[in-house]
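Worksheet: one structure, shown below.
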Amino acid sequence: MIMNYSKLTDLDELALTVRDRDSRLYINEAINAYRGSAYRSAIISTWIAVITDIISKIRELALQGDSNANSQITLLESAILSKNISQLQKIENELLGKAHNDFEFLSSQEFGDLQRLKEDRNYCAHPAFVGEGTLFQPQPEMVRAHIVHSILYLLQHQPVQGKSASNRVKADIARSSFPADLENVIKLLGAKYLNRAKDSFVRNLVIGILKNYLKDDDVELINRDQALIHTLIAVSHHNLLIYEETLREKLNSIINSLNDKQLAKIFKLISADVRYWVLLNDSNKIRITSLLNTLTTPELIEYRIFDAIQVLEFQEFISEKFKGLEYIEPVCNYFTPTAARVT
């Protein structure tokens with residue numbers, strides 16, 4: 001009895017993470033039905049929670065200006081207004097596929113698991129789908145798995161997965177209204193994208209922003225270096241483990257692909273977050289240290305070399321260069337502490 005109670009408490013806690021109010025009501029109905037051994041009802045309520053959540057997410061994207069989401073909502077509302085039952089059934093039947101293919105709310109594996117939920121829901125709601133004289137009898141373990149998968153894969157997450165979501169982040173960074181200070185960048189990205197984001201989205205976002213910053217190959221993000229750096233620091237604030245794991249896996253391969261002009265931009269990152277030095281392999285550290293000796297004084301200032309004093313390998317070089325600097329206004333301004341610096 002104690003073991004069963006523990007599992008039920010886990011479901012209660014999981015249900016609290018569901019974002020959408022209506023979806024939470026339906027998933028709670030599913031949990032109550034599961035506890036009462038009404039397994040077919042539990043599956044149906046879980047499917048309704050999934051459909052409700054997908055529609056809610058698409059509405060959210062439509063409000064943010066997503067053209068595909070807006071067309072889907074327009075089609076849905078038109079069918080509701082005209083009470084076009086066949087059109088509504090068609091929309092429901094296609095909705096899970098659109099969540100996977102069009103909006104990338106679901107990975108292929110997640111889509112497969114929820115597709116099985118859809119099939120089981122059809123068996124529960126339409127007895128004719130099952131062979132004559134056979135009643136579909138879902139097992140409790142199957143029902144519980146459907147509830148858990150629905151919450152973990154979909155209901156607890158924001159609609160910020162996939163390439164389209166990464167593009168929206170970049171569009172925000174490119175706008176002049178994007179905050180200039182790190183504190184507000186952390187708040188903005190957390191509220192809009194990073195709170196309860198899937199690991200895959202966070203990983204892809206780190207890789208994309210890092211490449212955009214170092215390679216400087218996106219015309220919309222030219223001259224947005226500080227905003228890009230603040231975005232990376234904000235990701236580390238909200239999703240530290242995935243952030244560090246991604247850097248360990250991808251940073252060195254990205255650095256290997258850079259020419260010397262692009263490589264020099266790494267110094268600003270190191271000044272903002274020393275992990276960009278710590279996680280480099282020896283060959284990349286040698287290359288960066290060698291590049292340091294070729295930079296002119298204006299380039300040293302431009303790339304914020306003097307802010308990287310916490311790097312042991314740079315200290316002697318920085319000390320010697322600093323002694324040789326004349327007192328000029330840009331150097332004075334340069335040493336103003338930045339919010340992005342990791343101490």
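Everything numeric in this text was worked out from a predicted model, so none of it was measured.
- A ring-centre distance under 6.0 Å is not found for Trp47 and Tyr26.
- Salt bridge absent: Asp260 and Lys265 never bring a charged side-chain N and a carboxylate O closer than 4.0 Å.
- Across all their heavy atoms, Ala197 and His157 have their closest contact at C-ND1, 4.1 Å.
- Taking a cutoff of 4.0 Å between a charged side-chain nitrogen and a carboxylate oxygen, Arg275 and Glu244 qualify as a salt bridge.
- Note that CG of Leu280 is 6.0 Å distant from CD1 of Ile266, once rounded to the nearest 0.5 Å.
- For His149, the ring-ring contact (aromatic ring centres under 6.0 Å, His included) partners at least two apart in sequence or on another chain are Tyr153.
- One finds a salt bridge joining Asp225 and Lys268 here, because a Lys/Arg side-chain nitrogen approaches an Asp/Glu carboxylate oxygen to under 4.0 Å.
- The side-chain contact (heavy atoms from CB on, under 4.5 Å) check on Arg59 picks up Ile55, Ile73, Leu76, Glu77, with sequence neighbours excluded.
- Nearest heavy atom pair, residue Ala49 against residue Ser23, reads O-OG, 3.5 Å.
- Of all non-hydrogen atoms in Ser283 and Asn281, the two that sit nearest each other are OG-OD1, 2.9 Å.
- The two atoms that bring Phe105 and Pro159 nearest to each other are CE2-CB, 3.7 Å, heavy atoms only.
- Ile58 has its side chain within reach of Leu95: a pair of non-hydrogen atoms, C-beta onward, lies under 4.5 Å apart.
- In summary, Lys192 and Asp172 engage in a salt bridge, as defined by a charged side-chain N under 4.0 Å from a carboxylate O.
- Side chains of Lys118 and Asn93 form a contact here, defined as non-hydrogen atoms less than 4.5 Å apart.
- A heavy-atom distance below 4.5 Å is not found between the side chains of Gln158 and Tyr193.
- For the atom pair NZ of Lys57 and OG1 of Thr52, the computed distance is 11.0 Å after rounding to the nearest 0.5 Å.
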request  = Determine, stepwise, if the pair His230 / Gln226 fulfils side chain to side chain donor-acceptor pair (under 3.5 Å).
outcome  = CA-CA 6 Å; His230 279 174; Gln226 193 62 32; 3.0 Å; yes
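- The nearest pair of heavy atoms linking Ala234 to Leu189 is CB-CD1, 3.9 Å.
- Contact annotation: the side chain of Tyr213 never approaches that of Leu221 to less than 4.5 Å [non-hydrogen atoms, C-beta and beyond].
- Put simply, the side chain of Arg40 does not reach to within 4.5 Å of the side chain of Arg121, judged on heavy atoms.
- With contacts defined as side-chain heavy-atom distances shorter than 4.5 Å, the pair Leu188/Phe178 qualifies.
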task = Begin from the C-alpha positions of Glu249 and Thr246 and carry the test side chain to side chain donor-acceptor pair (under 3.5 Å) through to its verdict.
result = CA-CA 5 Å; Glu249 293 175 355; Thr246 304; 5.4 Å; no
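- By the 4.0 Å N-to-carboxylate-O rule, Lys198 lies close enough to Glu110 to be salt-bridged with it.
- Contact annotation: the side chain of Ile255 never approaches that of Tyr276 to less than 4.5 Å [non-hydrogen atoms, C-beta and beyond].
- A 4.5 Å side-chain heavy-atom check between Gln139 and Tyr39 finds every atom pair outside the cut-off.
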